[in-house]
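Quick note: numbers below take in every heavy atom, side chains included, and nothing from hydrogens, waters or symmetry partners.
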Amino acid sequence: MAGKTLYDKLWDDHLVAENPDGSALIYIDRQLLHEVTSPQAFEGLRLADRKPRRIDANLATPDHNVPTTSRAQGIDDPVSRIQVNTLDANCTEYGITEFTMSDTRQGIVHVVGPEQGYTLPGITMVCGDSHTATHGAFGTLAFGIGTSEVEHVLATQCLRQKKMKNMLVKVDGKLGHGVTAKDIVLAVIGKTGTAGGSGHAIEFAGSAIMDLSMEARMTICNMAIEAGARVGMVAVDQKTIDYVKGRPFAPKGEDWDAAVAAWQDLHSDPDAEFDTVVELRAEDIEPQVTWGTSPEMVVPVSARVPDPAAETNLIKKEGMDRALAYMGLKANMAVGDIPLDRVFIGSCTNSRIEDLREAAEVARGRQVADSIKQAMVVPGSGLVKAQAEAEGLDKIFLEAGFEWREPGCSMCLAMNADRLEPGEHCASTSNRNFEGRQGQGGRTHLVSPAMAAAAAVHGRFVDIRDLEPVQEH
Amino acid sequence: MEAFTKLTGLVAPLDRSNVDTDAIIPKQFLKSIKRTGFGPNLFDEWRYLDHGEPGMDNSTRPLNPDFVLNQPRYEGAEILLARTNFGCGSSREHAPWALLDYGFRCVIAPSFADIFFNNCFKNGILPIVLEEKIVDRLFAEAAANEGYRLTVDLEAETITLPDGDVINFDVEPDRKHSLYHGLDDIGITLQQADAIATYEERRRKQVPWLFND
């Protein structure tokens, strides 16, 4: 019999019951809640006269709607305000721990979970948000769910699921200078397509993945959904354990020792079999830039915008034509010739301290180009913001002409006031370049934090590998 | 949730692949704390020529005449015909809520995104996966014949075409059971309360650090 994959192990460990109809009941250890996908779930509980089964298995924070400007005056938009107030009221009513908008621990759920040690290896974790796969970086079985399932988990601590297939994405070799986790995952999506991982749980493995820091692994797992997979994971190693140790919700004392012992098995067995395998060489990956309206529409920065005329699949060709028209681009133009209006550094993909350091390194001693209307940096949480300020990163950004904001999802999905105007192009470190994602008519180009910062100072996309060091005075 | 048994409905074809949930219901409408009322904003950015915001009177907004659902022949459609990877992107259940509120009870496509597919079943919508060449045929027939209707029979797992041809589809037994009877999933799970309690006690001993009550 073949060995087990990491996903198999996590699945088996959480199996409550297998039903004759082929479905299974799996136990959910922890849930993250935010204001957008939870109000109807709490309302559903009340209508059915049910109560949350385990209060301690939930942690909440508002992130999608919160303003990233000063919060002293609260939220201007009355509809957003009601939604955030509803989360506060629900958490108060049921006694669920919430980091409210005025709490320094508030931030994007997928930044807050790991930062607090709420995300732990070997657990199942869900959230009403498709980027929940982020937590898979810890050897956690984490996936996004809809509001009905948020309610289901609140009421039963379980979900009815069908086991997914196993997919291995293996990246071996050494990444080139200036090439980051974001470029790896965009290159993977470029190869698999946006539905390549549908029905699968992805495990990212190989020497290039295991060489990455925990935060870089989170960036990769975060975008598993952009390859169609609800789950993206990395095996546990010493880096995972070192990252978790000492965090507020992490086990302590004897529990810590027992936990570390239990986590040693959180990797795929050497003889485990995967249904689908995708392999890339790290040396082949260049800094990536998306040109279209799906994350699979991506090219290396040195390449040209593809020509639909060369596409033989008719439906694909039409999709490319439509994307070029929406993006206002021409086939075969150089990526460096794409006009840019705004730059956004933030989101659950790239708003952690390492992302901000990477961007600040490029911004240091340089100036945002005159042609860029706005370049904003939005830290992933209040604690990331405080850490960045302690390191002086805020000053580097501000001196270079970037805006330094309060934490939240911000312009990744533009539910708050941060958004693109119709027709504007944005170099963005977020995860989706869908039509209208960052504002109706807005045109998003997904890149790494360093590439976004370099685009801000040059007013166009440049190859981060060609950037000359700034002269020290 | 409303049960889905058998439906004979008008088909509206949406001929693009990778239709994401941001397109199905744009983010500004996710601020609602209700499950209903999303229908007028389904496909908002494609359907209207102006920028939509919550609270607007949608009946007075300028319609995009080129968008398929604005064509009079598709008024009252209950079956949406779509292309590959329909419903990709965000987990927002507002997407099936908007489809349902508009009047769609069934979506047919060669493939769906996983979370969206799952969310449909929780809301009385039947997503049907068919081979691409069959979907191609349905697109061609729907375009050629005004008033093109299909009969979807969940119990028999069949789609009957206007010419009498019958196409079979598959649906997982547990999903079929819940949808056919309009059952509350939470209620079904709570029938296994003993198994949950047994597992939970074992888990508490195994990983006590996850229990802080």
Side-chain angles (χ1 to χ4, degrees), chain A residues 16-17 19 21-23 25 27 29-30 36-37 39-40 43 48 50 54-56 65 79-80 82-83 86 120 122-123 128-130 144-149 151-152 155-158 160 162 194-195 198-199 228 230 251 255 259 262 294 315 318-319 322 413-415 432 434-437 440, chain B residues 15-18 20 22-23 26-28 30-35 45 51-52 54-55 83-85 88-94 96 111-116 118-119 122-123 172-175 177 184-190 192-193 195-196 198-200 203 206-213:
Chain A
V16 172
N19 303 317
D21 61 14
S23 68
L25 199 61
Y27 193 77
D29 290 310
R30 282 179 172 173
V36 180
T37 55
Q40 297 88 347
E43 183 64 15
R50 292 175 176 135
R54 279 186 55 200
I55 301 297
D56 66 319
N65 274 290
V79 195
S80 290
I82 288 171
Q83 205 166 42
T86 303
L120 291 174
I123 69 170
D129 190 283
S130 61
I145 56 178
T147 298
S148 294
E149 290 192 322
E151 182 183 342
H152 199 120
T156 69
Q157 214 54 49
C158 289
R160 309 186 78 77
K162 195 180 163 206
T194 184
S198 290
R230 294 167 75 190
D255 278 347
S294 164
I315 293 175
E318 281 173 11
R322 191 179 288 125
L413 88 166
M415 265 189 89
R432 287 187 179 136
F434 298 158
E435 284 185 23
R437 171 79 179 181
Q440 187 165 14
Chain B
D15 197 0
R16 23 171 119 190
S17 49
N18 296 321
D20 58 73
D22 276 83
K27 83 282 292 180
Q28 62 270 34
L30 311 189
K31 295 174 187 179
S32 165
I33 56 172
K34 301 197 178 98
R35 279 174 191 262
E45 293 184 6
H51 174 76
R83 293 291 186 185
T84 52
N85 201 28
C88 61
S90 133
S91 67
R92 59 187 71 165
E93 200 158 314
H94 313 68
S111 60
F112 291 90
D114 292 345
I115 303 177
F116 174 82
N118 194 38
N119 284 341
K122 311 287 182 197
N123 292 284
E172 291 160 42
D174 60 316
R175 294 186 191 277
H177 181 75
D184 163 22
D185 262 6
I186 296 175
I188 298 175
T189 296
L190 288 175
Q192 291 174 291
I196 299 172
T198 304
Y199 177 91
E200 206 163 61
R203 187 99 184 124
Q206 190 189 12
V207 286
W209 56 86
L210 294 181
F211 292 77
N212 306 303
D213 48 349

Is it the backbone or the side chain of [X] that comes under 4.5 Å from a heavy atom of chain A, or both, or neither?
| X | answer |
| --- | --- |
| Lys34(B) | backbone |
| Phe116(B) | neither |
| Asn18(B) | side chain |
| Ala195(B) | both |
| His94(B) | side chain |
| Arg175(B) | neither |
| Asn118(B) | side chain |

Leading residue by heavy atom contact count with chain B [cutoff under 4.5 Å; candidates [options]]:
| options | result |
| --- | --- |
| Glu318(A), Glu149(A), Gln157(A) | Glu149(A) |
| Gln40(A), Gln83(A), Arg54(A), Arg322(A) | Gln40(A) |
| Pro251(A), Ala414(A), Gly319(A) | Pro251(A) |
| Ser294(A), Gly228(A), Ser80(A), Gly22(A) | Ser80(A) |

- Task: Would you kindly say whether Glu93(B) and Ser148(A) are connected by a side-chain donor-acceptor distance under 3.5 Å?
- Result: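 Glu93(B) vs Ser148(A): donor-acceptor pair found between side chains.
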- Would you tell me whether Arg92(B) and Asn119(B) have side-chain atoms, one donor and one acceptor, within less than 3.5 Å of each other?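 There is no such pair (donor and acceptor under 3.5 Å, judged by atom type) between the side chains of Arg92(B) and Asn119(B).
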- Against chain B, label Asn65(A) side chain, backbone, both or neither, depending on which of its atoms sit under 4.5 Å from a heavy atom there. side chain
- salt bridge (charged side-chain N to carboxylate O under 4.0 Å, His left out) involving Arg203(B) - partner list, sequence neighbours excluded: Asp13(A), Asp29(A)
- Output the distance between atom CZ (Arg30(A)) and atom CG (Leu210(B)), rounded to the nearest 0.5 Å.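 Reported value, rounded in 0.5 Å steps: 5.0 Å.
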- Task: Go through the structure and list residues passing side chain to side chain donor-acceptor pair (under 3.5 Å) with Ser32(B), not counting sequence neighbours.
- Result: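 So Ser32(B) forms no side chain to side chain donor-acceptor pair (under 3.5 Å) with any residue.
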If you count heavy-atom pairs within less than 4.5 Å of chain A, which of [options] leads?
| options | result |
| --- | --- |
| Leu190(B), Val207(B), Asn123(B) | Leu190(B) |
| Ala113(B), Gly89(B), Pro96(B) | Gly89(B) |
| Gln28(B), Glu200(B), Arg83(B) | Glu200(B) |
| Asn85(B), Ile188(B), Asp20(B) | Asp20(B) |
| Asp22(B), Asn212(B), Ile33(B) | Ile33(B) |

- Task: Would you sort out whether His177(B) and Ser23(A) count as a side chain to side chain contact (heavy atoms under 4.5 Å, CB included), showing the intermediate values?
- Result: CA-CA 12 Å; His177(B) 181 75; Ser23(A) 68; over 6 Å; no
Would you say that [X] contacts [Y] through its side chain, given a criterion of any heavy-atom pair below 4.5 Å between the two side chains?
| X | Y | answer |
| --- | --- | --- |
| Arg230(A) | Ile145(A) | yes |
| Asp129(A) | Val36(A) | no |
| Tyr199(B) | Leu25(A) | no |

- Under 3.5 Å: donor-acceptor pair, side chain of Asp184(B), backbone of Ile186(B):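 Present.
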- Query: Arg160(A) and Glu172(B): salt bridge (Lys or Arg N to Asp or Glu O under 4.0 Å), yes or no, with the steps?
  - Reply: CA-CA 12 Å; Arg160(A) 309 186 78 77; Glu172(B) 291 160 42; over 6 Å; no
